[in-house]
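All values below were derived from every heavy atom in this structure, side-chain atoms included, with hydrogens, water molecules and symmetry-related copies excluded.
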Amino acid sequence: MNSRSHELMQLAMSFIGSFYPSACCVSIGGSAARGTADRYSDLDLTVYNHSTQICDQNIEFRHTLIQVQCSPIPRLEVVYQNPWAYRFLNEIKIIKDKNNLLSCVQSDAKKFLNSSAGQKKMIRTVQAIVQDRILATKRFFQAGRFYSATNEAMGAWSEAAFLNLFLKEGSLSTSRVIPCIRKDQDLYRAFRTHAPLRDCEVMTDFSPILHRLREYLRAHHVKAPFDLDPLQEKLVERKNKRFIETGDSLNLQWQMYGEALWLFFCINDSISFEHVYDQLPERLQKELRWIGFIPLEKDNLDGLCSLSNNIIERWV
């Protein structure tokens, strides 16, 4: 564990003592749990309770951004049913645990997550998700909804790539998805060929684009207090600074594409992506195209879908 990760862990314990002193179980996740935090890292904190209530909030504490999630304590039978949804148990660090409730769950869950049976179940789950998104890609393309088709194809690839990362490195880090794919020249070349992400001539800070998209959504009364929180914008700014510093433009572009797409998901899902996109100011549409909102031709859609299947087939 590096010094920044240790610093964040100490900060987490102080924060919990001040704001959640009665919490029975608390864990940290993300880069702090993995021991790879840097000066741009925030703190991912989960406060577990005995209810079914789930809530998220952003808090700034001692100049550090903390993303707090309140969640029920996972039940082992649910982990066994859907290990893919609970793979985070593989890397969290527990900082408070009354009666060892959480550590007992984590210990058994990690054994299952890293077992042959657990990984086979994860592969089947992701396979089903990818197939659903591939079918959606085809339906949207046939309906002339080319942006939606592209988003579904990218979603299929992303799910398969996250599976590839977890099975190779045991990691959930979004920042490791692209580097992990880069290790296989064929997979990486195919992604670069078919994805809507294009080479940037210079390293670009995309955070102002995400800011303008959030401003537009706020002005149009979209209700998403967590995702439209100004502190989320600070997180995006820091992520841009990190990747500009390391020079990884593709990784930055892919993550900002995902960040922007998630904001679109906050809008009423009965409204098509195309309708919302067409209502955006022309400047914002152009800027989003820089990030990767480009409707793909059928050959590239088919290529992305085939690539998603190819990634999974390597683990079957």
*Using the ring of each side chain (for Trp, its six-membered ring), is Phe112 parallel, tilted or perpendicular to Tyr80, with breaks at 30° and 60°?*
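Ring orientation, 0 to 90° scale: perpendicular.
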*NZ/NE/NH1/NH2 to OD/OE distance under 4.0 Å, Glu282 and Lys286*: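 No, no charged N to carboxylate O under 4.0 Å.
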*asked:* Taking Asp248 first and then Arg182, would you say they form a salt bridge - that is, a charged N and a carboxylate O separated by under 4.0 Å?
replied: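 A salt bridge links Asp248 with Arg182.
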*Hey, would you say the Phe146 and Phe140 ring centroids sit under 6.0 Å apart?*
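No, too far apart.
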Beyond-backbone contact of [X] with [Y], side-chain heavy atoms, under 4.5 angstrom:
X: Asp44; Y: Asp42; result: yes
X: Cys305; Y: Lys138; result: no
X: Val130; Y: Ile311; result: no

*Could you go through the salt bridge (charged side-chain N to carboxylate O under 4.0 Å, His left out) check for Arg139 and Glu152 one step at a time?*
CA-CA 10 Å; Arg139 287 197 305 270; Glu152 289 290 345; over 6 Å; no
*asked:* Taking salt bridge (charged side-chain N to carboxylate O under 4.0 Å, His left out) as the definition, give me every residue that meets it alongside Glu7, ordered by chain and number, with sequence neighbours left out.
replied: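 Checked Glu7 against salt bridge (charged side-chain N to carboxylate O under 4.0 Å, His left out); matches are Arg4.
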Output yes when a side-chain donor or acceptor of [X] lies under 3.5 Å from a complementary backbone atom of [Y], and no otherwise.
X: Asn2; Y: Ala37; result: yes
X: Asn99; Y: Leu101; result: no
X: Lys121; Y: Pro83; result: no
X: Ser306; Y: Gly303; result: no

Does a donor on one side chain and an acceptor on the other come within less than 3.5 Å for [X] and [Y]?
X: Asp97; Y: Ser103; result: yes
X: Glu233; Y: Ser207; result: no
X: Asn309; Y: Gln131; result: yes
X: Arg133; Y: Ser308; result: no

*Please identify each residue that fulfils ring-ring contact (aromatic ring centres under 6.0 Å, His included) with Phe293, with sequence neighbours left out.*
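Partners of Phe293 under the ring-ring contact (aromatic ring centres under 6.0 Å, His included) test: Tyr257, Phe264, Phe273.
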*Taking ring-ring contact (aromatic ring centres under 6.0 Å, His included) as the test, write out the residues that go with His220, two or more places apart.*
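Once residues adjacent in sequence are excluded, the partners of His220 under the ring-ring contact (aromatic ring centres under 6.0 Å, His included) criterion are Tyr216.
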*How is the hydrophobic cluster of Ile28 composed, in terms of its other members, when Ile, Leu, Val, Met, Phe, Trp and Tyr link through side-chain heavy atoms under 4.5 Å apart, directly or indirectly?*
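For the cluster that includes Ile28, the remaining residues are Met1, Leu8, Met9, Leu11, Met13, Phe15, Ile16, Phe19, Tyr20, Val26, Leu43, Leu45, Val47, Ile59, Phe61, Ile66, Val68, Ile95.
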_Shared-cluster residues of Leu231, by chain and number - hydrophobic side chains joined below 4.5 Å_ =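 Besides Leu231, the hydrophobic cluster comprises Leu65, Leu235, listed by chain and residue number.
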*asked:* Evaluate Phe191 against Leu304 for side chain to side chain contact (heavy atoms under 4.5 Å, CB included), listing each step before the verdict.
replied: CA-CA 7 Å; Phe191 178 67; Leu304 266 182; 4.2 Å; yes
*asked:* With salt bridge (charged side-chain N to carboxylate O under 4.0 Å, His left out) as the criterion, how do Lys241 and Glu245 come out once you've worked through the C-alpha distance, each side chain's angles and the decisive distance to 0.1 Å?
replied: CA-CA 6 Å; Lys241 287 178 181 177; Glu245 192 173 280; over 6 Å; no
*Please test Lys168 against Trp315 for side chain to side chain contact (heavy atoms under 4.5 Å, CB included), starting from the C-alpha separation and ending with a verdict.*
CA-CA 10 Å; Lys168 273 193 174 181; Trp315 293 104; 3.4 Å; yes
*Please collect all side-chain hydrogen bond (donor to acceptor under 3.5 Å, both in side chains) contacts where either partner lies in residues 82-93, sequence neighbours excluded, each pair once.*
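For residues 82-93: Arg34-Glu91, Trp84-Glu159, Asn90-Asn114.
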